[in-house]
Colleague: 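Input: one structure, supplied below.
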Protein chains: 2
Amino acid sequence: MTPKVARYLRDSMPATPCLVLDVDRVEENYRRLAAALPQARIYYAVKANPAAPVLQRLVTLDSSFDAASFEEVAACLDAGAHPEAISYGNTIKKESAIRAAFARGVRMFAFDSEAELRKLARSAPGARVYCRILVGNDGAEWPLSRKFGCELEMAKELMVLAGELGLDPFGLSFHVGSQQTKTVAYEAAIAKVAMLFTDLRDAGVNVRMVNLGGGYPVRYRQEVPEIDDFGAAIMGAMTKHFGNALPEIVIEPGRFIVGDAGVVSAEVVLVSRKAKDDPVRWVYLDIGRFGGLAETEGEAIKYAFRTPHDGGAEGPVTIAGPTCDSTDTLYEKSNYRLPLALDSGDRVELLATGAYVTTYASQRFNGFAPLAEHYV
Amino acid sequence: MTPKVARYLRDSMPATPCLVLDVDRVEENYRRLAAALPQARIYYAVKANPAAPVLQRLVTLDSSFDAASFEEVAACLDAGAHPEAISYGNTIKKESAIRAAFARGVRMFAFDSEAELRKLARSAPGARVYCRILVGNDGAEWPLSRKFGCELEMAKELMVLAGELGLDPFGLSFHVGSQQTKTVAYEAAIAKVAMLFTDLRDAGVNVRMVNLGGGYPVRYRQEVPEIDDFGAAIMGAMTKHFGNALPEIVIEPGRFIVGDAGVVSAEVVLVSRKAKDDPVRWVYLDIGRFGGLAETEGEAIKYAFRTPHDGGAEGPVTIAGPTCDSTDTLYEKSNYRLPLALDSGDRVELLATGAYVTTYASQRFNGFAPLAEHYV
């Protein structure tokens, strides 16, 4: 928790549940990442936190932006971004959304299928396009399965087709999964994309860019490698495979930029046991999976907690949200322990929760209002 | 799909994604359930769909209401419900919410722990309270695990304590899990609750009510037993265990009342393959798990689809939502097949989606607006 966030929580005591996010930390994270990967152009993954104060600060830093929808494109433009600094990175787009983005000046689009490519040719003629390929996601705590990307052979044909359709076959992309804790995942993916890159060059396609996606991790309960380690591994692999003819490099960090800038402040609604001699207490918070903590699904992302009783005796807990839905249980199997003194009405903080919480929140499940947000 | 919903979709062509719900069907379902269980008082589970037109229609039918939060209590009152027809059924409540509900006249509250009981004694003095016990959820497609309820022995002690604290130890409740497809689940739970009920009577506690919860199923892809079968099984078990001295019976249906009254209308955004010879197509819709279809988590609830090409040749599909998140995949393992002619821009209907879709929707994940709603 940054000092500014701590001060705001102490002095303003905002109603819970809420997110308090330090925009200066966003800037620090951006600068740290830029220093670790100076050859890369940073496209902030807007979906991680699309709040105007975050986007505006990143505009002042000359960041570019990775948008998942036309609505996110519009949010970037509203925050002062230039359209040429925006990549429409979702491979699944309504043609009306492509047209709208193109009309606003966006000229870079992702795809991973022929149908999408033909939409782009019709509705964003001449635009730069990049094809997303399937790569391994081992080591990612929030992996991305096969939903996005296509196999290499198809990617090759599609990149050739892109040129034939009057589009600019600009680059290739991949994503090693979110909260990726292994540097080797990037190295393996770069080896794969480099092979295709070379093939395409040999086939006469003027491909010039490699988009390494995001996934750079944040410290939750466990230590993760430093961003400099990722930078070194990535540049080592790029140099190994591309030599002196490095392509343009794009990265799309989201979690890394905003994750540890924010803290969710919540209230304990109830502490109970299911039987008198049950060693495990149930701790119910006023925020749960449907209030913004969607990434606790399957206990994938394991947030760290701070309570007013830290340092006192602890015991095992199951941690759940406030709704009448059992799937609204955060942690049952991840060996969480919290102070025995914890009680209804206590305020607790969930650390490093600046990413993927505000927009995941349901609009009113069980009647509960979505997460409030404070940018400081 | 009811004729009224079909007509509205055809004549009004509302923008997708949206829910269209026939309020007359809500009334029919209420009447069918009341006929199947005439001895029971129906408390509609507001969380299934808290829209004003639904609540208002149910008020005209003299329904009672099961609220999960003070906000839902307020929605019922706004719709014209009397406070004595409202049960605050969430066992996890902020004390401020208990106070607010009590101040508005609510006099029936659920609990399953000593801490919650003490909150009720302080903030809802003299209110009717009922204790939720843990029962099996076998047969439920959306089971409720151990998050709610307590063991029998603790329930007994807490009901005695309720009286000592000046509350009215009114009843006992259980929940066999949502979309419960086995009538035997209710029979087993009734046997369990009856045992405790008798124990409490023997201990001098004036317990008078049994709340059978909800769970009554809706037809999705598979046939489910008729509601009359549930009614017969439940009344058979109640008579077997309580004889002529039947307690007051409360039921809390949600899905059964609104489920088959609604249809989600969506648009196909993209149909693609990951490789040229891949037999499985990916079908991406403009609604997914974060746009309201949260109950497809783990492919638990399997909705039926209607497309403009039904009747033509079909092939296997994976069905996914529009966001840049792989968990936003609806069905990958449930052997869905859709017409080979299906293409971007086609409108499809997801049948029997009137329950648990509108409020689950994220407020703006990936920039997408929440589900629009039309009540006809």
Side-chain angles (χ1 to χ4, degrees), chain A residues 46-47 50 67-72 75 89-90 92-95 112-116 119 134 143-151 153-154 267 269-276 282 284 286 290 294 297 320 322-324 326-327 329 344-345 359-370, chain B residues 47 50 67-72 75 89-90 92-95 112-116 119 134 143-151 153-154 267 269-276 282 284 286 290 294 297 320 322-324 326-329 344-345 359-370:
Chain A
V46 176
K47 58 185 164 292
S69 63
F70 173 70
E71 289 80 357
E72 286 193 356
N90 193 338
I92 309 156
K93 298 176 285 297
K94 285 190 182 179
E95 196 158 339
D112 64 6
S113 67
E114 182 176 336
E116 192 74 11
K119 287 186 210 167
L134 281 162
L144 293 171
S145 80
R146 287 172 60 83
K147 183 174 174 185
F148 309 101
C150 63
E151 298 291 355
E153 198 179 342
M154 182 183 259
E267 184 180 315
V269 181
L270 178 67
V271 180
S272 69
R273 295 177 202 263
K274 297 296 164 188
K276 252 187 160 172
W282 280 70
Y284 301 92
D286 63 359
F290 302 108
E297 179 179 345
T323 68
C324 286
S326 282
T327 58
T329 298
S344 304
T359 58
Y360 263 128
S362 79
Q363 44 173 355
R364 271 204 167 268
F365 187 53
N366 275 216
F368 296 115
Chain B
K47 57 185 165 293
S69 63
F70 173 70
E71 290 79 357
E72 286 193 355
N90 193 338
I92 310 155
K93 299 176 284 297
K94 285 190 182 178
E95 198 158 337
D112 65 5
S113 67
E114 183 176 335
E116 191 75 10
K119 286 186 211 167
L134 283 162
L144 292 171
S145 82
R146 287 174 60 82
K147 182 175 174 186
F148 309 101
C150 63
E151 296 292 354
E153 198 179 342
M154 182 182 259
E267 185 179 316
V269 182
L270 179 67
V271 180
S272 69
R273 297 177 200 262
K274 297 296 164 188
K276 253 189 161 171
W282 280 71
Y284 301 92
D286 62 359
F290 302 108
E297 179 179 344
T323 69
C324 285
S326 282
T327 60
D328 185 15
T329 298
S344 305
T359 59
Y360 263 128
S362 79
Q363 44 174 354
R364 272 206 167 267
F365 187 54
N366 275 217
F368 296 115

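Below, chain A is the first sequence line, B the second, and so on; all start at residue 1.
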Colleague: Starting at OH of A:Y284, measure out to CZ of B:F148 and round the result to the nearest 0.5 Å.
Modeller: 6.5 Å
Colleague: Using 0.5 Å steps for rounding, measure from the NZ atom of A:K274 to the CG atom of B:L134.
Modeller: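 Nearest 0.5 Å value for the NZ-CG distance: 6.0 Å.
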Colleague: If you look at every heavy atom in A:A275 and B:E151, which pair is closest and at what distance?
Modeller: CB-CG, 3.7 Å
Colleague: Of all of B:S272, B:S69, B:C324, B:G149, which one pairs up most often with chain A through heavy atoms under 4.5 Å apart?
Modeller: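 So the answer, after comparing B:S272, B:S69, B:C324, B:G149, is B:C324.
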Colleague: So do the side chains of A:E116 and B:V269 get within less than 4.5 Å of each other, counting heavy atoms only?
Modeller: no
Colleague: Among B:E72, B:R273, B:E153, who wins on heavy-atom pairs under 4.5 Å with chain A?
Modeller: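 Between B:E72, B:R273, B:E153, the count favours B:E72.
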Colleague: Select, from B:D286, B:V271, B:D112, the one with the greatest count of heavy-atom pairs under 4.5 Å involving chain A.
Modeller: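 Of the candidates given, the most pairs with chain A belong to B:D286.
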Colleague: If I measure from the heavy atoms of chain A, does B:E267 come under 4.5 Å with its side chain, its backbone, both, or neither?
Modeller: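 Side chain only.
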Colleague: Any side-chain heavy atom of A:S344 within less than 4.5 Å of one from B:K119?
Modeller: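 Of all side-chain heavy-atom pairs linking B:K119 with A:S344, at least one is under 4.5 Å.
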Colleague: Considering all heavy atoms of both residues, which atom of A:N366 and which atom of B:N90 are nearest to each other, and what is their separation?
Modeller: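 Taking A:N366 first and B:N90 second, the nearest heavy atoms are OD1-ND2, 4.4 Å.
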Colleague: Any idea which of A:P370, A:A361, A:C150 has the most non-hydrogen atom pairs under 4.5 angstrom with chain B?
Modeller: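 Ranked by heavy-atom pairs under 4.5 Å with chain B, first place is A:A361.
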Colleague: Looking at residues at least two apart in the chain, or sitting in another chain, which of them share a side chain to side chain contact (heavy atoms under 4.5 Å, CB included) with B:A115?
Modeller: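 B:A115: side chain to side chain contact (heavy atoms under 4.5 Å, CB included) contacts with A:L270, B:S113.
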Colleague: Between A:V46 and chain B, which part of the residue has a heavy atom less than 4.5 Å away: side chain, backbone, both or neither?
Modeller: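 Looking at A:V46, nothing touches chain B.
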Colleague: Side chain from CB out, backbone as N, CA, C, O: work out which of these in A:E95 comes under 4.5 Å of a heavy atom of chain B, or both, or neither.
Modeller: neither
Colleague: Could you grab the distance from atom CZ of B:R364 to atom OG1 of A:T359, nearest 0.5 Å is fine?
Modeller: 10.0 Å
Colleague: Can you say whether A:P50 sits under 4.5 Å from chain B via the side chain, the backbone, both, or neither, judging by heavy atoms?
Modeller: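 For A:P50, there is no contact with chain B at all, as no heavy atom is under 4.5 Å.
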Colleague: Between A:Y360 and chain B, which part of the residue has a heavy atom less than 4.5 Å away: side chain, backbone, both or neither?
Modeller: both
Colleague: Heavy-atom distance under 4.5 Å between the side chains of A:K147 and B:D328, does that happen here?
Modeller: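 Result yes, sub-4.5 Å side-chain heavy-atom pair found.
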Colleague: Applying side chain to side chain contact (heavy atoms under 4.5 Å, CB included), name anything that partners B:E297, two or more places apart in sequence or on another chain.
Modeller: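 B:E297 satisfies side chain to side chain contact (heavy atoms under 4.5 Å, CB included) with A:R289, A:E297, A:T327, B:W142, B:R289 only.
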